[in-house]
Amino acid sequence: MTRITLLFALGLVLFSCKNNTKDNESRSPSSKLFEQLKVVEGNGVLFGHQDDLAYGVNWAYQEDRSDVKETAGDYPALFGWELGGIELGRQVNLDSVPFDKMREYVIKGYEMGAVITFSWHPFSALDNTRSSWDTDQQVVKHIIPGGSHHDIFKQHLDKVAAFFHSLKTKNGNPVPFIFRPWHEMDGDWFWWGNSHCTSDEFKTLFRFTVEYLKTEKGVDFLTAYSPDNRFSSEEEYLTWYPGDDVVEIIGVDNYGDFRVGSENVEAAQKKLEIVVEYARKTNKIAAFTETGLNMVTDDQWFTQKLAKSFLESEVASEIAYVMLWRNDDTTHFFSAYPEHSSAPDFRKFTDHEKIWLLDDWNSFKDSLNLKSEK
Ligand code: BMA
C-alpha cells in the first residue's frame with residue numbers, strides 16, 4: 001500500500017467519523033463492518049472463498065486447514081458460508097456442512113479478523129423436498145405476504161434468524177456479516193429466478209426477507225443484492241432491485257463471462273463498472289460476490305482473466321471484495337490448491353499488492369485503527 005493511498009484512506013475515515021453523529025460505541029456491528037469495507041474501496045480488494053475452513057480438495061474438517069492458505073501462505077480475508085437446509089431444521093447444510101461446525105468457523109474467522117458472508121439456497125416452503133433448483137412451481141407468489149404459504153416461509157426465516165443470533169464471540173459480541181439472499185435472480189435456474197416470478201414479486205420477497213429478519217427478529221447484518229451477469233446497463237441491473245433502504249452491498253455474480261470458449265473479460269469488467277458506479281452514486285459498497293472457473297482449466301486464469309476483470313479498470317478496481325466458490329473435490333473447485341497446476345499463478349495473483357488476504361486486511365485495519373470488537 002502506498003503512502004498516498006493510506007493518507008487518502010485515513011482522510012476518508014476521519015471524514016466519515018466527523019459526519020457520523022453517533023459515537024463508536026453506539027454503532028451496530030454491521031455499521032462498523034460497513035465502515036471498514038467502505039475504506040477498502042480503491043486501496044485493495046479482499047479475497048474471499050466459500051467454505052474455505054471446512055474442507056478443500058482431498059481433505060475435510062481438519063483444524064486450521066485452508067486450500068487458500070496452503071497454496072498462497074495465508075487465509076482469505078473473507079469467508080463465505082451456505083445456509084441451505086437450515087430452514088427445515090436440518091443439522092447439516094445442503095453440502096453436508098454441519099451447522100454447529102459452521103458456527104465455529106464463522107466465529108473463528110471473525111475472531112481472526114475476516115469478513116463473513118452467507119448465501120442461502122433454501123428448499124421451497126410449498127414442498128420441502130424441492131430444492132432452490134426445482135423451478136416447476138411458482139414458489140415466490142405463494143410465500144410473499146398474502147400468499148398461501150407465507151406463514152410457512154416465516155417459520156423458515158425464524159430458523160435462519162435463530163442461527164444468526166447464535167453467532168456470538170467468546171465475549172458475547174454478535175458477529176457482523178453480509179447476507180446475500182435471492183441471488184442470480186436474472187437467471188432462471190432458481191425458483192426465484194427471472195421466468196418464475198415477476199420483478200415486483202421478487203422485490204416484495206427480497207424486502208420482506210430483510211425487513212422481517214431485521215425488524216421482527218432483531219438480526220443485525222448488511223444485505224447484498226447480486227444478480228448474475230445477464231445485464232448490460234444500470235437500468236437492467238436494477239430490474240429486481242428492492243430499494244436503497246434494504247441493500248448495502250451492490251454485488252454481481254459472474255461465471256458466464258469467464259467460461260472458456262465464450263469468455264469475455266471485457267464484458268465482465270463492464271458489469272463490475274456498472275456495479276461500482278451505482279455503489280458510488282448511492283454511497284454503498286460494490287463487490288464481486290461470486291465467481292470462478294470450475295476446475296481452473298486455464299493455469300493462468302487468476303492473473304490473466306480474473307485480475308484483469310477488475311484491476312485493469314480504475315472504476316472496477318473499487319470493488320471491496322471478490323469471492324471464489326467452493327473447493328469440493330477434483331471435479332468441482334474454483335480456487336487453487338497446492339498440487340494443482342494453477343497454484344503458481346494463484347500465488348502471483350494473491351501477491352499483487354491490491355489483492356488482500358487476511359494479514360493484508362488486518363494490517364490495513366490496524367493502520368487506520370479500524371479494528372472490530374471481538
Ligand atoms: C452450487 C454448487 C453445488 C452446491 C450449491 C450450494 O454452485 O457448488 O454443489 O450445492 O452451490 O452451495
Side-chain angles (χ1 to χ4, degrees), residues 48-61 66-68 76 78-103 105-106 109 116-125 128-135 139 156 159-160 163-164 177-194 196 209 224 226-230 251-260 268 287-297 301 306 321-337 340 342:
H49 189 211
Q50 181 81 359
D51 283 352
D52 186 83
L53 296 172
Y55 58 84
V57 176
N58 297 326
W59 64 274
Y61 308 105
S66 149
D67 276 352
V68 170
L78 175 140
F79 294 109
W81 300 102
E82 163 62 33
L83 296 167
I86 197 125
E87 67 285 348
L88 302 182
R90 293 197 179 160
Q91 302 301 306
V92 297
N93 83 353
L94 77 185
D95 300 319
S96 315
V97 180
F99 288 110
D100 282 346
K101 280 264 170 221
M102 190 186 300
R103 180 183 305 107
Y105 295 134
V106 164
I116 307 299
T117 180
F118 287 100
S119 51
W120 183 34
H121 297 97
F123 287 82
S124 163
N128 65 17
T129 65
R130 287 172 197 251
S131 77
S132 290
W133 291 265
D134 285 321
T135 55
V139 180
H156 286 188
K159 298 258 180 14
V160 173
F163 182 74
F164 283 157
F177 61 89
I178 297 161
F179 183 38
R180 182 170 53 102
W182 317 126
H183 69 142
E184 301 173 8
M185 75 302 285
D186 51 335
D188 51 17
W189 45 89
F190 296 131
W191 49 248
W192 57 87
N194 193 18
H196 314 300
T209 302
S226 292
D228 199 71
N229 72 341
R230 300 182 176 194
V252 60
D253 291 3
N254 193 349
Y255 296 87
D257 290 330
F258 295 98
R259 208 155 279 144
V260 174
F288 198 173
T289 43
E290 230 191 87
T291 187
L293 172 66
N294 189 28
M295 297 169 70
V296 201
T297 50
W301 188 75
L306 179 61
Y321 62 88
V322 56
M323 188 180 84
L324 297 179
W325 201 238
R326 62 201 197 103
N327 275 17
D328 186 19
D329 58 25
T330 50
T331 65
H332 191 67
F333 63 93
F334 297 83
S335 192
Y337 57 96
H340 191 256
S342 66

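Numbering of ligands and ligand atoms starts at 1, following listing order.
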Legend entry - Polar contact flag, side-chain donor to acceptor under 3.5 angstrom, Asp52-Ser66: yes
Legend entry - No-hydrogen, no-angle side-chain donor-acceptor test under 3.5 Å, Asp253 and Thr289: yes
Inset, instruction - Go through the side-chain N and O atoms of Trp189 and Glu184 and say whether any donor and acceptor fall under 3.5 Å apart. - result: yes
For a distance cut-off of 3.5 Å, show me each N or O of ligand 1 paired with any protein N or O, plus the separation.
residue  : atom   : partner : partner atom : Å
ligand 1 : 7 (O)  : Trp325  : NE1          : 3.1
ligand 1 : 8 (O)  : Trp325  : NE1          : 2.8
ligand 1 : 8 (O)  : Arg326  : NE           : 2.8
ligand 1 : 8 (O)  : His332  : NE2          : 2.6
ligand 1 : 9 (O)  : Arg326  : NH2          : 2.7
ligand 1 : 10 (O) : Asp95   : OD1          : 2.4
ligand 1 : 11 (O) : Trp325  : NE1          : 3.3
ligand 1 : 12 (O) : Asp95   : OD2          : 2.6

Legend entry - Distance (rounded to the nearest 0.5 Å) between Trp182 CH2 and Trp192 CH2: 6.0 Å
Legend entry - Any donor-acceptor N/O pair, Glu87 side chain to Phe123 backbone, under 3.5 Å: yes
Legend entry - Counterpart residues, side chain to side chain donor-acceptor pair (under 3.5 Å), relative to Asp188 (two or more places apart): none
